[in-house]
Amino acid sequence: PYHLTTHEFLLLLKSHLAPDGVYMANTIDVPSVGAFVRAHVRTMQAVFKNVFLVANSADWQTLGRATFVIVATDRALDPQEVMRVADELGYAAVTFIVPPDALAEYLAQEPPLILSDDYAPVDNLLAPTFADRQ
């Protein structure tokens, strides 16, 4: 639901988190053509100090439609700790944390968009993701 991706929602959510709390959101997109994951990450970056994009493969930019997890927190979060937990849970083989420089480069491919209650064109951003769906 788009209203769970807006700046205003994230501010409200953050006000209910403990100071060291972590928020994670599943996001579906096609990295090569979709723009939703970029907007969702940028909106989280506008609210939280640390935002990570987790994919299921190191070739995440060339995948078709895929599910990503966006991890957001104000606490210092070591990506290696996330990988340790993924390994303990049996998910390490399908967990790839996009390196910060690669994420910054990916985000820079399109003008920044912060989703808000007044402007959240999520349907338009996701349209390419579902264009080839039969």
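Please read these numbers as outputs of a predicted model, since none were measured by experiment.
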Donor-acceptor contact present, side-chain D29 to main-chain P31, <3.5 Å: no
Where at least one partner belongs to residues 14-24, residue pairs that pass salt bridge (charged side-chain N to carboxylate O under 4.0 Å, His left out), sequence neighbours excluded: K14-D74
Min side-chain heavy-atom separation V54-T95 under 4.5 Å: yes
F96 side chain reached by N56 side chain, heavy atoms, under 4.5 Å: no
From CG (L10) to OG (S15), nearest 0.5 Å: 11.0 Å
Residues T43, T5; criterion side-chain contact (heavy atoms from CB on, under 4.5 Å); working and verdict: CA-CA 8 Å; T43 304; T5 67; over 6 Å; no
Minimum side-chain heavy-atom gap S116-E8 below 4.5 Å: yes
Between T67 and N26: side-chain donor-acceptor atoms closer than 3.5 Å: no
Step-by-step side-chain contact (heavy atoms from CB on, under 4.5 Å) determination, F48 to L13: CA-CA 11 Å; F48 293 95; L13 177 126; 4.0 Å; yes
Distance, nearest 0.5 Å, that separates CG of L113 from CG of L107: 11.5 Å
Minimum-distance pair of heavy atoms, taken over all atoms of V22 and M24: CG1-CG, 4.0 Å
Rounded distance (nearest 0.5 Å) linking atom OH of Y23 with atom NE2 of H16: 12.5 Å
Spacing of CG belonging to N124 relative to CG belonging to L126, to within rounding of 0.5 Å: 9.5 Å
Interatomic spacing from CD1 in I114 to NE2 in H7 - rounded to 0.5 Å: 7.0 Å
All side-chain hydrogen bond (donor to acceptor under 3.5 Å, both in side chains) counterparts of T27, not counting sequence neighbours: H40
Under 3.5 Å: donor-acceptor pair, side chain of N50, backbone of A72: no
In one Ile/Leu/Val/Met/Phe/Trp/Tyr side-chain cluster, 4.5 Å: L12, I70: no
Heavy-atom closest contact (T73 atom, G21 atom, distance): OG1-O, 2.7 Å
V41 vs L103, side-chain contact (heavy atoms from CB on, under 4.5 Å): CA-CA, chis, key distance, verdict: CA-CA 9 Å; V41 167; L103 180 58; 4.3 Å; yes
Atom pair CZ/CG of F36 and L115 - distance to nearest 0.5 Å: 6.5 Å
W60 and Y106 aromatic ring geometry - parallel, tilted or perpendicular at 30°/60° bounds: perpendicular
Heavy-atom side-chain proximity of V37 to L53 below 4.5 angstrom: yes
Q109 atom CD, neighbour heavy-atom count above 12 within 6.0 Å: yes
